[in-house]
Structures are given as structure tokens and as C-alpha cells.
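Beneath this line is the structure, given in C-alpha cells, with notes to follow.
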Amino acid sequence: MAKENKKSGTIWSKALRILNEAGKKGIRVDLEGLAAWIWESHKNLEAMGIKIVRITGVDKPGSSPVVAQWLDGLYIKGTGSSKERLQLVTGEHIRNLKSPPKQKSIGGPVEAAELIGQWRTLRKALSMGERVVESSKNDGRFYYEWKLSEKTNRLYSGIQNMGAEIRDFLLPDEGEQILVMDYQSQELRILLQETGETELLKAMDEGKDFHRMLASWVFEKSEDEVMESERDKAKTITYGVPYGQ
């Protein structure tokens, strides 16, 4: 339970109590269906891994040093993580290079980078699925806890970022329903409205990615060139400041 302080306030304490009552009750899991999905996904992960080796020679797509070595061979330099450098390969700006990287293999670098990204995403989902199975094997229910972030003062939990693949195997009790909610930038919209930033509101209404747009200003580059880590930093600032970070 979060400490009572000026930042958290009574409303957050009440919200935590209500949310954690549900977390202690747990949520039913379709263990049979989830186990079947995990088995099938492991096969897909293995098939993707074989294809990645055939295209790139990378036998450990989850290893940042190994992927970084492959990227070095493509002349994709940089000080960022291998994930950030993979985005350089799949980004539009690689097509604007005067001398595009060459690769003596079956697939091209863009296809390979996308495949490595897909492999990593699936592996992450598998890890979450296996965690749910392990924690639910005794009584078929998944238990979770909500907390208050010390960085942004926002609520978060182990169930919050569960992928749709895993959520599909969560079942409501009889007579109940599962509700999936997302802020969908509502906090940001309220802040922009209250501060009179109508132009920024208009940009959001037009479908602009606010955090990417802010990152392009901060890092002085086009939105297409903004790395995911730079967008994350901009997002941290956007929410961290009004929440008292």
C-alpha cells in the first residue's frame, strides 16, 4: 500500500484499496487454453529463430551483444541499445542512405530486423504466459497487486501491461464481466485543455503521436528519426512533471 503523502492523496489510497481487493480475489485462467497457446508459440519461436539464423547468422536474437555485432556488419552504428539500432534498420531513413548496407544472405536487413523484433516480442509474451500458468497452477486463479509509482505517482500492476494474447485466457466468474480500460491519453488531453494548449490538442485530434512529436522537439530531429527510447523519455517528462516527479 502506498504511503499517505501530499502526492498520493486520499483518492489514490482509496483506489488502491478497491483495486487490491479484486487482486486478492484473483481472476480465473483458462489454463488448458493458455498452455496450448504456449506450446504452439514455442514452436513458432523456434521456427522464427531458424529463419533468423539462415538470414543473418544470428543464433541468439535475444542477446544484445550478438545482435549488435550483426548490426556492426551492416554499418548501423550508434550508442543506443540493440533494440534502438534495429529500429534504425526498419526505419524509413535507412532507405535514404547513399550506400545502403549490403548483406550476402537470403533475406534483406529490413526483413531480418523486423523478424528479430517479432521474435523478441513473442518471447516476452511467452514469458508472461508462463508466469501466469506458474502462479495459477494451484487453484486456477491469477493474483495481482496494484501499487503507486514513485516516479510518476501513477497506478501500476503486474496485470496492467499484460498483452492481449494472454488476456484472452482470463475468464470472468459467473455473473461477472472483465473490463479492460486504457487512459487513451485522457490525462494529457485534460492537461492541455486546462493549460490552453489548443494547438497541441488539435494535433492529437489529427492523430499525431504527442510523445513522438515532443521528442522530435527535444532531440531536434524529425519524427521519423525519433527512437523509441527517446519517445519514452519524452513521455516520462510529459506525465512525470504534472504528477510531481
Side-chain angles (χ1 to χ4, degrees), residues 33-135 156 158-169 209 211-212 215-216 218-236:
L34 181 54
W37 177 84
I38 289 173
W39 184 79
E40 188 66 30
S41 295
H42 271 296
K43 290 201 309 181
N44 292 337
L45 197 70
E46 183 179 359
M48 290 168 66
I50 292 171
K51 188 174 181 180
I52 289 170
V53 171
R54 189 170 73 245
I55 294 176
T56 66
V58 172
D59 59 352
K60 295 180 180 178
S63 168
S64 292
V66 172
V67 172
Q69 188 175 9
W70 172 68
L71 289 166
D72 287 341
L74 292 177
Y75 308 105
I76 304 298
K77 304 296 181 181
T79 57
S81 66
S82 59
K83 178 182 176 182
E84 293 167 341
R85 294 169 70 197
L86 282 170
Q87 291 167 0
L88 280 173
V89 180
T90 56
E92 287 295 325
H93 41 294
I94 194 175
R95 295 168 177 80
N96 298 325
L97 293 176
K98 293 181 179 179
S99 301
K102 296 179 180 179
Q103 188 177 327
K104 296 178 180 179
S105 57
I106 297 172
V110 173
E111 177 193 359
E114 288 175 345
L115 197 56
I116 290 173
Q118 291 166 10
W119 186 95
R120 290 179 167 188
T121 298
L122 180 56
R123 186 186 65 165
K124 184 177 180 181
L126 265 170
S127 178
M128 171 58 80
E130 289 168 343
R131 221 171 79 208
V132 171
V133 167
E134 179 62 26
S135 64
Y156 74 96
I159 202 171
Q160 178 183 1
N161 294 319
M162 186 179 287
E165 310 96 329
I166 312 302
R167 289 204 305 264
D168 287 344
F169 299 102
D209 184 326
H211 306 302
R212 188 170 297 280
S216 73
V218 173
F219 296 101
E220 298 182 335
K221 54 173 65 176
S222 71
E223 290 182 35
D224 289 338
E225 294 173 320
V226 169
M227 307 300 295
E228 201 62 32
S229 62
E230 294 169 335
R231 182 186 180 279
D232 287 343
K233 289 174 183 175
K235 187 175 181 180
T236 299

Report task. Can you see which heavy atom on Ser222 is nearest to which on Ser216, and at what distance? Result ->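 Nearest pair, atom of Ser222 first, then Ser216: C-CB, 4.1 Å.
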Report task. Determine the minimum heavy-atom distance between Gly62 and Arg123, stating which atoms define it. Result ->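 Shortest heavy-atom contact: CA-NH1, 3.8 Å.
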From [atom1] ([X]) to [atom2] ([Y]), nearest 0.5 Å:
X      : Y      : atom1 : atom2 : answer
Glu220 : Glu225 : CD    : CD    : 12.0 Å
Thr56  : Lys51  : OG1   : NZ    : 11.5 Å
Arg120 : Ile116 : CZ    : CD1   : 7.0 Å

Requested in this report: Inspect the surroundings of CD in Glu223 and state if more than 12 heavy atoms from other residues, nucleotides or ligands are less than 6.0 Å away.
Outcome: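 Yes.
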Query - Enclosure of Lys60 NZ (heavy-atom neighbours >12, cutoff 6.0 Å) - result: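 12 or below, so no.
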Spell out, as yes or no, whether a donor-acceptor pair under 3.5 Å connects the side chain of [X] to the backbone of [Y].
X      : Y      : result
Arg231 : Ala215 : no
Arg212 : Val226 : yes
Thr121 : Gly117 : yes

Report task. Could I get the full list of side chain to side chain contact (heavy atoms under 4.5 Å, CB included) partners for Val53, not counting sequence neighbours? Result ->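 Scan of Val53 (side chain to side chain contact (heavy atoms under 4.5 Å, CB included), adjacent residues dropped) gives Asp59.
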Do [X] and [Y] have side chains that get closer than 4.5 Å, going by heavy atoms?
X      : Y      : value
Glu46  : His42  : no
Met162 : Val132 : yes
Glu134 : Arg131 : no
Met227 : Phe219 : no
Gln118 : Leu122 : no

Would you list the atom pairs, donor with acceptor, under 3.5 Å between side chains in residues 33-41 and any protein atom, with sequence neighbours excluded?
{"residue": "Ser41", "atom": "OG", "partner": "Trp37", "partner atom": "O", "Å": "2.8"}

